[in-house]
Amino acid sequence: MRVILHVDMDSFFSAIEVREHPELKGLPVVVGGNVGDAGIESGKIRGVVSTCSYEARKYGIHSAMALSRAYKLCPDAKFLPVNMQLYRRVSAAIMAILRAKADKMEQVSIDEAFLDISSRVRDWAEARAYAERIKAEIWAKERLTCSIGVAPNKTIAKIASDFEKPDGLTVVEDYNAKEFLAPLPVKCIPGVGPKTETILKQMGILKIGQLASADVQSLVARLGKYGERLHLIANGIDDSDVEPAYERKSLSRERTFTEDTDDMAMLEERVEELAYELHKALKTEGLVFRTVGIKVKYEDFTVITRAKTLGAFHSDLETLKRITKELMMGVNAKREGKEKRKKIRLVGVRVSNLSLLDYRQRRLVGLTPPSAY
Ligand code: TTP
Ligand code: MG
């Protein structure tokens, strides 16, 4: 039996603020921007809402809304600036609790994670009790509530964790999966955005149940391979694994010249092109890098490599170009004597120490979320 949990903290940033400032309990609390001492009343606030308490949601306030609009909807709400350092610390403590509770654990954002607990429970009743114990432990140690979805796969677990928020626990047993999904609108499937929703609507498909019984060929005709995957998901099938860490160790691009060369200007241009190609690949996979390396192969097939590790993760082309150029210049400056006369046969650029952007950052850079979404 496969049992996957999706754990998602409730109104995460604001719940932490309420924990730190108990006098805020039960009040509409809005976290966002950089609300300084001037206070939001001054009208100087420009940022957006990161999140808000469930009390504030009753006024129609939600994530990504302009703070000025939130203020109009509920001037009496408590407006607090984002204290990311604190939230990251709390997140790390929670993720440590979760990691210890699973065979495999995959953190997907600052406040959510998938857990594979297949080997730890024998049936769905035990799975429910297991999830209850996780909720109790997070409450006992961190005084925060979360919602958990328990299901036979990641997609259903993710949908289920949202089902009874806040402080929810929804168990979808394997033989109930299709029944659970059928009445839900298609946009409940993680990854189905307005574009896919519109296409499905044009096909007369509004509910997941309709998607489940739709003709696969027509879905593929409109949505490509994704149509096939959606059809499986709607039928309760999703084999994607809980992936503890990103598997890929490095990514590289190389160019062998048709003729060996010592034209430095041309080499520099080629390296820049490689950096550009690599950057494109990184973007497609939603990866950030910390180490940049180059490789130079001479006409006699001797190879030198140089690498530089940065203090933080980067994703931008400029950094990639700058570091590769630096490294190339270093290699070139050191060429002397015999080396100086050797022509270059191949250059390569490589990034390693990779990490995945979390799914919200992926959305920001216009990437579709990973398959489980
Ligand atoms: P979510 O889990 O999406 O939201 P939430 O935890 O605040 O509320 P819910 O009970 O519905 O799960 O996001 C987690 C945190 O990420 C959230 O507390 C603040 C941050 N966040 C942003 O900064 N901007 C955003 O647009 C969203 C959606 C979240
Ligand atoms: Mg949350």
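As the structure is a computational prediction, the values presented were derived from the model and not from experiment. We use all heavy atoms of the structure for the numbers below, so side chains are in, but hydrogens, waters and symmetry mates are not. Both ligands and their constituent atoms are indexed starting at 1 by order of listing.
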Give every residue pair that meets the side chain to side chain donor-acceptor pair (under 3.5 Å) criterion with at least one member in residues 182-208, sequence neighbours excluded.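 Every pair satisfying side chain to side chain donor-acceptor pair (under 3.5 Å) with a residue in residues 182-208: Q202-R222.
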Not counting sequence neighbours, list each pair that qualifies as a side chain to side chain donor-acceptor pair (under 3.5 Å) and has a residue in residues 77-87.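 Only E17-Y87 qualify under side chain to side chain donor-acceptor pair (under 3.5 Å).
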Near [X], which atoms of ligand 1 are under 4.0 Å from a heavy atom of that residue?
| X | answer |
| --- | --- |
| K165 | 9 (P), 10 (O), 11 (O), 12 (O) |
| M9 | 6 (O), 9 (P), 10 (O), 12 (O) |
| S63 | 25 (C), 26 (O), 27 (C), 28 (C) |

Any salt bridge between K297 and E254, counting N to O under 4.0 Å?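 Salt bridge absent between K297 and E254.
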Please answer whether the main-chain N or O of K104 pairs with a side-chain N or O of D116 as donor and acceptor at a distance below 3.5 Å.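 Not at all, since once roles are kept as given, no pair shorter than 3.5 Å links the two residues.
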Any donor and acceptor pair, going by atom type alone, linking the side chain of N153 with main-chain N or O of I156 inside 3.5 Å?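 Checked: pair present.
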Minimum distance, heavy atoms only, to atom 9 (P) of ligand 1: which one of Y87, Y54, F12 is it?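 Looking at heavy atoms only, the winner is Y54.
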From D111, T51, V108, I16 - option closest to atom 2 (O) of ligand 1 by heavy atom: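 Result: the heavy atom closest to atom 2 (O) of ligand 1 is in D111.
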Does at least one non-hydrogen atom of P166 fall below 4.0 angstrom from an atom of ligand 1?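 For ligand 1, residue contact (heavy atoms, under 4.0 Å) with P166 is absent.
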Is there a heavy atom of R57 sitting under 4.0 angstrom from any atom of ligand 1?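 The answer is yes: ligand 1 sits under 4.0 Å from a heavy atom of R57.
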Sequence-distant partners of V220, side-chain contact (heavy atoms from CB on, under 4.5 Å), two or more places apart: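 Testing V220 for side-chain contact (heavy atoms from CB on, under 4.5 Å), a comparison that skips the adjacent residues, returns V216, E228.
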Within 45 degrees of the axis of the six-membered ring of Y226 and under 6.0 Å from its centre: does R229 put its NZ or CZ there?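 Here R229 fails the 6.0 Å and 45° test against Y226.
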Closer than 2.8 Å to the Mg ion (ligand 2), which protein N, O or S atoms?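 Those protein N, O or S atoms (cut-off: under 2.8 Å from the Mg ion (ligand 2)) are D8 OD1, M9 O, D111 OD2.
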So, D8 versus S161: side-chain donor-acceptor pair below 3.5 Å or not?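 Judged by distance alone, the side chains do not pair up.
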For ligand 1, is there an N or O atom under 3.5 Å from any N or O atom of F13?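 N/O-N/O distance under 3.5 Å: yes.
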Could you check whether atom CD of E179 has more than 12 heavy atoms from other residues, nucleotides or ligands sitting under 6.0 Å from it?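 It does not: E179 CD has 12 such atoms or fewer within range.
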With the 4.5 Å side-chain cut-off for hydrophobic clustering, are L219 and L184 part of the same group?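 Yes; tracing contacts between hydrophobic side chains, which count when under 4.5 Å, links both residues.
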